[in-house]
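Working notes for the structure below.
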Amino acid sequence: MGAVTLTAVLAQAAATVMAVLVAPLLLGWVNQCRAWLQNRSGPGILRPYRQIRKLFHKDAVIASNASPLFRLVPYVEFASMALAAAIIPTLWTGLPFAIAADTIALVGLFAMARLFLALAAMDIGTAFGSIGARREMLIGFLAEPALLMVFFTTSLIARSTSLPTIADGFAHQPFALFPSLAFASVAFVMVLLAENTRIPVDNPATHLELTMIHEATVLEYSARHLALIDWSAALKLFNYVCIGLALFLPWGLAESPANPAGLLLAAPALVLKLAVAGAGLALIETLNAKMRLFRAPEFLATAFLLAMLGLLVRLLLGS
Amino acid sequence: MTGTHTELLGAVAIGGGWLAIGVLGLLRSHSTGWVGRALFPFGSLLGIALAAVGIIALAHGVETLILPIGLPELPFHLRLDALSAVFLVLLGATAAGVSIFAAGYFRPGEGTAPGLLGLQYHVFLASMLFVVLADDALSFMMAWESMALSSYFLVTSQHRLPEIRKAGYLYLLIAHLGAAAIVLSFGVMQGGSWQFTFEALRAAQLTPAWASMVFFLALFGFGAKAGIVPLHVWLPEAHPAAPSPVSALMSGVMLEIAVYGLLRVNLDLLQVQVWWWGLVTLGLGLLTALYGVLFAAVQTDMKRLLAYSSIENIGIIFIGLGLTLIFRSFHMPAFAALALAATLYHCLNHAFAKSLLFLGTGSVLHATGERNLGRLGGLIHRMPWVAWLALVGTLAIAGIPPFNGFVSEWLLLQSFLFTPFIPREFVNMLLPLGASGLTLAAALAAYLMVKFYGIVFLGQPREAKLAQSHDCGRLERLGLLWLASACVLLGIFPAQTLALIGQVGEELLGATTAPPLWHGLLFAPISPERAAYSPALFLLGIAVFVGLTMLIVRIAYHGRIRRAAPWVCGGFPLTPRMQDTSEGFSQPIRQIFEPFFRMRRELPSPFDAAPHYRVQIEDRIWHWLYVPVVVSVQWIARAAGMIQRGRISTYLLYSFVTLLVLLIWVL
């Protein structure tokens, strides 16, 4: 836990704003890598920013029977992802705002975002909206326990459920290999793919009614509302990757922003790790094909079992 | 023993007040105005007073009182300690909301006359109050039985419908099996002293074998009332059958009163501890939670859906109780206090959130006349008050931060994180895996609540008549608002709530959770390094980000909005039949968890002119457990019928043979 000083709070606010601004870049990078791997020239890594800017300039068109809930949800989505960015350590672990939510509450925060999106999808009463809501919640109720079990394993090792404390413990203790973390990390990557509508589970690039999950829920949104939802989806990917980095590759994280030498190391380390993680995601998405919707429960059940296995390894072997 | 009995006397007076209100209702028993508009609001005020008495009593010590009524030589013993006080708060605060709602809810010409209904309703409230205060087995059982009987009459208030009579019968039957088990457990607990005051039961010396007998009898008795699997079958029948305010009280309060009974027996009366009791409770809790939520997800009747969701929540409460018992038996009082706090917190959460939702369904039922999810929809436009307040209950039951349901789940998961420290091999390895069952149940609850809310309040109206539905009246709004604010307050101020209910741990376990930090903004029941959660900060964060985003978007761009008809792939207009039905929404659950359900499907053939799809889902336990019991009882009855010939000469022969056998026996 970081000391609560004005500088710490300001530094964290700055870091959160940075995370929000940088997030679409990661998405652009993943898409660009994917294009390269598929022998396409690709849209460039700034494409998500151009998309968001274009959408903000348009007039919002809303269904005539939309309720106020429908208009509120994009803001709630964006706010919840921004709040998540404020409690996930990216450059340093001394985050004064992290006391607002530990890892369990972080899972709750993601659940909240998902639930509101599903409700908004059902608000208009179109066929795709409710199918999307049902599929989104299906992925959610399978992925959420797996994610919690991953956090359980790390919390048992670090004896804390606070994400910065866990990352701090892993980053600054003598190097030790935890076999349980190997299981947990595989489970986490699987959850990441499912929760961020990446390829084996969902394809962010199509609007094919038989397969789409996330896109079906946001079909009725346009203009600034869609821009916010797209942006929060990019931020969600960024958050998930940063959680993964904090849990499984925490090396290079500084302890507090007061130490410029630590930051000088942490910033390039973060860029490098994000670049590698993004390229890895693109590789996974290129090597796999999208699976049928009802294979998704098997995929996520595997993730859940791997996470449980990690927990069991931790409990049985103490490692 | 303190000299004053102010709080206890106050609680007794409130119980008496409720009974008096019930009797006054008989004066003009056919006047909805007199009973509803005049008496029910007064009962609601008494509820608020009771909650206040409970909160004051939590800060003070134990009070006891002997009421010189009842049987000769057997006066009523009453006692008010921290455990009772928490449940008094639960009862009072929930009853306050439900009563004020009921004041506007009951309409002329529905079922039982309002005066009689008011009597049953207030006897129900008062008997729950006395269950919580009772300090000897006799008065406990009297209060318990009047609770069962008054609620039976409330369930069957529309007794002209045969299925409601059937539901009432099933409820009465299982309630009495449970009551018999509770009586037996008190009988074993006295351990040969034949003294039935709780004071004497605490002092009784029991061997672990007899104590286990008490544990199982109590688990059966109170579990039947709480609706744990496999004794839950009455619950989804009886709760929806009652009028909505009564459903709210039964789900929100009566189930928790059963949990109170179990807490009282296990943590207070029984001095012997056997470690595997906790495992049994925990296992039953996990089973109940998962079973309840799976069945809730496939229901198509909104009140049945909520009833199954109550079963799930009772399961979660039992998980907490199981953890408390396990930690206690291994002498880890601090962790036991944490798990107990989670249990009590979830009792409070469920009481407020579930009664809120049941009342909401009552308003929907009155406005539309429909309970079937497949005929509702789009009510957020017609009934904004009910819809937005029900959203609070929905989020609370779904366990979404910063609402109250999340707090108790957070506490439970934190307690699970301490199970590896239990000094017993294998138990400490297997128990943490139980957390996965809890997380699965919680995640499924979110699915279920999206289904409930999305189908009832969002989308387009599925029936033309829904366009005429109207929002609820002023008194009903007040009741919903009261319960919704309780949900929000419990969600945002967990540290303060825990400081109050932590008294129970102090009293029964000798340990409590850590005090609140930072003027109560930070919630860290163990230590802030270990785990911290600050719902106030969380809510503030969300609100600030929402406000900032809105402001920036408006300033940097524009706020122009155009309304248009939604695009439905061109040509034809949008119709309500394009939306998911409730069956459709639960289709993934049915597919993934198919082995759990007993399903009968009728699928249309490709050539049907008017295709019909029908699916009927039944409880497997009904067929595995109850049907064999019914069949064997009927078989025994038929076998016994063989000797009943209905002719006097045969019966004389029986008497003669019996006398002969007895004579030979004596000789």
Side-chain angles (χ1 to χ4, degrees), chain A residues 1 56-57 59-65 67 69 75-76 78-80 82-83 86 99-102 104-105 108-109 111-112 115 118-119 122-127 130-131 133-134 137-138 140-141 144-145 148-149 152 155-156 159-162 165 220 224 228 294 297 304 308 311-312 315-316, chain B residues 377-378 380-381 395 398-401 406 410 413-414 417 420 428-429 432-433 435-436 439-440 443-444 446-447 450 453-454 458-460 522 528-534 537-538 541-542 545-546 549-550 553 557 560-566 568 574 576 578-580 584-585 587-588 591-592:
Chain A
M1 280 221 0
F56 269 126
H57 278 291
D59 280 12
V61 183
I62 281 190
S64 40
N65 62 339
S67 73
L69 185 71
Y75 297 96
V76 173
F78 190 74
S80 50
L83 180 65
I99 51 159
D102 63 352
I104 300 175
L109 182 59
M112 177 180 106
L115 192 138
L119 288 181
M122 295 181 82
D123 188 47
I124 311 292
T126 56
S130 38
I131 284 184
R134 143 188 2 158
M137 293 311 288
L138 166 73
F141 87 71
E144 197 183 305
L148 261 175
M149 285 299 108
F152 236 66
S155 301
L156 279 179
R159 302 201 164 198
S160 170
T161 56
S162 155
T165 316
E220 299 303 325
R224 58 173 180 276
L228 284 172
F294 274 99
F304 185 51
M308 293 266 284
L311 186 61
L312 203 60
L315 294 167
L316 282 173
Chain B
I380 195 170
H381 302 287
L395 294 172
I400 298 296
F406 178 75
W410 189 87
L413 285 171
Q414 293 292 348
L417 276 170
N428 59 3
M429 293 170 192
L433 301 183
S436 62
T439 57
L440 187 60
L444 276 166
Y447 187 99
V450 167
Y453 194 82
L458 302 178
Q460 311 163 54
L522 184 59
E529 291 79 27
R530 175 102 212 172
Y533 163 54
S534 173
L537 217 52
F538 188 100
I542 298 268
F545 279 122
V546 166
T549 321
M550 279 183 170
V553 169
Y557 299 99
R560 288 196 294 275
I561 271 196
R562 201 152 55 77
R563 293 260 179 183
V568 278
L574 183 70
M578 290 176 183
Q579 311 169 86
D580 243 355
F585 200 86
Q587 188 264 349
Q591 176 152 355
I592 297 173

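All chains are named by letter (A, B, ...) in the order of the sequence lines, taking the proteins before the strands, and each is independently numbered beginning at 1.
With rounding to the nearest 0.5 angstrom, the OG1 atom of B:T439 is 8.0 Å from the CZ atom of A:F152. Atoms CG and CE, from B:L433 and A:M149 in turn, are 8.0 Å apart once rounded to the nearest 0.5 Å. With rounding to the nearest 0.5 Å, the separation of CZ in B:F538 from CG in A:L109 is 4.0 Å. Here the CG atom belonging to A:D123 is positioned 10.5 Å from the CD atom belonging to B:Q460, to the nearest 0.5 angstrom. B:I380 CD1 to A:N65 CG: the interatomic distance, rounded to the nearest 0.5 Å, is 11.5 Å. In this structure, A:L119 CG and B:Y453 OH are separated by 7.5 Å, a value rounded to the nearest 0.5 Å.
Ranked by heavy-atom pairs under 4.5 Å with chain A, the list B:P432, B:G399, B:A565, B:A398 is led by B:P432. Between chain B and the residues A:T161, A:L156, A:I131, A:V76, the most heavy-atom pairs under 4.5 angstrom are made by A:T161. Between chain A and the options B:P576, B:A435, B:G378, heavy-atom pairs under 4.5 Å are most frequent for B:A435. In terms of heavy-atom pairs under 4.5 angstrom with chain A, the leader among B:A446, B:A564, B:G541, B:P566 is B:A564. Contacts with chain B were tallied for A:A118, A:A127, A:A111; A:A127 has the most, counting heavy-atom pairs under 4.5 Å.
Between A:A101 and B:Y533, the closest heavy-atom pair is CA-CD1, 4.4 Å. For B:F585 against A:S130, the heavy-atom pair with the smallest separation is CE1-O, 4.1 Å. B:P401 and A:A105 make their closest contact through CG-O, 4.2 Å (heavy atoms, listed as atom of the first residue, atom of the second, distance). Pairing each heavy atom of A:A63 with each of B:R563, the nearest pair is O-NH1, 3.1 Å.
Only the side chain of B:I592 comes within less than 4.5 Å of a heavy atom in chain A; its backbone stays farther off. Contacts between A:I104 and chain B at a heavy-atom distance below 4.5 Å involve backbone atoms as well as side-chain atoms. The parts of A:L69 that come within reach of chain B are both its backbone and its side chain, each placing non-hydrogen atoms under 4.5 angstrom from that chain. Only the side chain of A:F78 comes within contact range of chain B, with heavy atoms under 4.5 Å apart. For a residue to count as touching a neighbouring chain, one of its non-hydrogen atoms must lie under 4.5 Å from one of that chain's; by this rule B:L417 touches chain A with backbone and side chain alike.
Side-chain atoms of A:R224 and B:Y557, non-hydrogen and from C-beta on, never get closer than 4.5 Å to each other. Residues B:Q414 and A:D102 meet the side-chain proximity criterion, which asks for heavy atoms closer than 4.5 Å. Counting heavy atoms from C-beta outward, B:V553 and A:Y75 have side chains that approach closer than 4.5 Å.
Surrounding CZ of A:R159 are at most 12 heavy atoms belonging to other residues, nucleotides or ligands under 6.0 Å away.
Judged by distance alone, the side chain of A:R134 and the main-chain N or O of B:P588 form no donor-acceptor pair under 3.5 Å.
Ring geometry for A:F141 versus B:Y447: interplanar angle over 60°, hence perpendicular rather than tilted (30 to 60°).
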